[in-house]
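Note: hydrogens, waters and symmetry copies are ignored here, and every other heavy atom, side chains too, is used.
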Amino acid sequence: MNILTVEALTKSFKGLRAISDVTFSVEEETITSIVGPNGAGKSTLFNMISGYLKPTSGKIEFKEQDITNQVPYRVCRLGIARAFQISKPFPELSVRDNVHVASSFGRAGERDPIATTTHALDICQLTSLQDELAGSLSIGNLRRLELARAIAARPVILLADEPCAGLNSTETRDLTNVLLQIRKAGITVLLVEHDIKAVRRVSDRVIVIEAGQKIADGKAADVFTNQAVIDAYLGTSTE
Ligand code: ADP
Ligand code: MG
């Protein structure tokens, strides 16, 4: 079942069309990745879905509800959470307390902060680090903490913008494992990621955006062998 639908979405900044007539839908409990060169419009797309930017035209539907012009906190209460690349935890609080604080926000409805925190730490493989101070974490662990804080908001959909950026291959592997755990926990993931290996590993579906337009959409294996994608995004080099 489709849980999120983006229809003819367009965002113009003065003269620039950052996103132009983009349409796609996201199936429940899958990982959908959005890839494309720098400046393609990926973050702009995320900003519209999460309510930080108002679309110029088009429509966004979440669970058949029109959320096109919703403000961020309402989008969050409906169950769309966002993990940021630059994590800003409370450095003097433990990992567990940081996640616990996040569990007070997010999707509306009944909450059990202790159970939610324990579950989020478990999914993000942070249980053994729960008593460490957030300020002492390595970048790889910080990224997982950022995901844990987003999960603590009990989202239906998680938007993650380049969670693997700047991570080494071991940290990237750990993070992709966490993304797979998140999907297993029943959360739908919408991912923007540059690391193609990571994208291929986790994605049920890949959408390619170039210069604000969707140029491909399908299974990873098909999308990355598509000539238009190779030309536009991967380059025409021997690689
Ligand atoms: P990506 O995340 O794919 O790298 P962005 O969505 O950040 O791309 O940017 C898409 C285009 O929109 C870029 O040309 C960028 O300079 C422009 N842009 C993004 N945000 C703004 C803004 N707030 N005001 C003006 N231009 C913007
Ligand atoms: Mg971006």
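Using a 4.5 Å heavy-atom cutoff, the side chains of Ile80 and Leu190 are not in contact. By the 4.5 Å heavy-atom criterion applied to side chains, Gln70 and Phe62 are not counted as neighbours. At least one side-chain heavy atom of Ile196 sits less than 4.5 Å from a side-chain heavy atom of Arg200. When side chains are defined from C-beta on, Arg144 counts as touching Gln125, because their heavy atoms get closer than 4.5 Å. Here the side chains of Leu175 and Leu147 are in contact, with some heavy-atom distance below 4.5 Å. Taking the side chain as every heavy atom from C-beta outward, His194 and Asn38 approach each other to under 4.5 Å. Leu45 has its side chain within reach of Phe24: a pair of non-hydrogen atoms, C-beta onward, lies under 4.5 Å apart. A 4.5 Å side-chain heavy-atom check between Val99 and Arg96 finds every atom pair outside the cut-off.
Smallest separation of non-hydrogen atoms from Thr116 and Ala152: CG2-O, 3.4 Å. Of all heavy-atom pairs between Pro37 and Ile209, the closest is CD-O, 3.5 Å. Minimum heavy-atom separation, Arg205 to Asp217: NE-OD1, 2.7 Å. Considering all non-hydrogen atoms of both residues, Val223 and Gly218 come closest at CG2-N, 3.4 Å. Minimum interatomic distance between Arg149 and Asn98 (heavy atoms only, all atoms of both residues): CD-O, 3.6 Å. Across all non-hydrogen atoms, the minimal contact from Ser25 to Thr5 is CB-OG1, 3.9 Å.
Annotation for Arg111: atom CZ counts as buried by contact number, over 12 foreign heavy atoms lying within 6.0 Å. Surrounding CZ of Phe13 are more than 12 heavy atoms belonging to other residues, nucleotides or ligands, all under 6.0 Å away. Within 6.0 Å of the CD1 atom in Ile139, the count of heavy atoms belonging to other residues, nucleotides or ligands exceeds 12.
Transitive grouping of hydrophobic side chains (ILVMFWY, heavy atoms separated by less than 4.5 Å) keeps Val189 and Val75 in distinct clusters. Connection of Leu167 to Val178 is established within a shared hydrophobic cluster, with ILVMFWY side chains joined at heavy-atom distances below 4.5 Å, either directly or through further cluster members. Under a hydrophobic clustering in which Ile, Leu, Val, Met, Phe, Trp and Tyr are joined whenever their side-chain heavy atoms come within less than 4.5 Å, directly or via other members, Leu191 and Val35 fall into different clusters. Clustering ILVMFWY residues whenever any of their side-chain heavy atoms sit less than 4.5 angstrom apart, transitively, puts Phe105 in a cluster other than the one holding Leu78. Hydrophobic clustering (ILVMFWY, side-chain heavy atoms < 4.5 Å, transitive): Leu159 and Ile60 are in one cluster.
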Test side chain to side chain contact (heavy atoms under 4.5 Å, CB included) applied to Asn47 and Lys11, step by step: CA-CA 10 Å; Asn47 283 330; Lys11 178 68 188 179; over 6 Å; no
Residue pair Leu180, Ile31: steps toward the side chain to side chain contact (heavy atoms under 4.5 Å, CB included) verdict: CA-CA 8 Å; Leu180 294 171; Ile31 300 179; 4.2 Å; yes
Trace of the side chain to side chain contact (heavy atoms under 4.5 Å, CB included) decision for Thr117 with Leu121: CA-CA 6 Å; Thr117 301; Leu121 288 168; 4.0 Å; yes
Evaluation steps, side-chain hydrogen bond (donor to acceptor under 3.5 Å, both in side chains), between Asn177 and Arg201: CA-CA 9 Å; Asn177 283 335; Arg201 181 157 183 250; 2.7 Å; yes
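Salt bridge Arg143/Glu146: absent, no basic N to carboxylate O contact under 4.0 Å.
Remark: the backbone N or O of Gly36 is paired with a side-chain donor or acceptor of Lys42 at under 3.5 angstrom. Under a 3.5 Å cut-off, the side chain of Thr23 and the backbone N or O of Glu7 do not form any donor-acceptor pair. Checking side-chain atoms of Ser20 against main-chain N and O of Thr10 turns up no donor-acceptor pair under 3.5 Å.
Residue Asn69 holds its CG atom at 13.0 Å from CZ of Arg74, rounded to the nearest 0.5 Å. Between the CD1 atom of Ile187 and the CD1 atom of Ile123 there is a distance of 5.0 Å, given to the nearest 0.5 Å.
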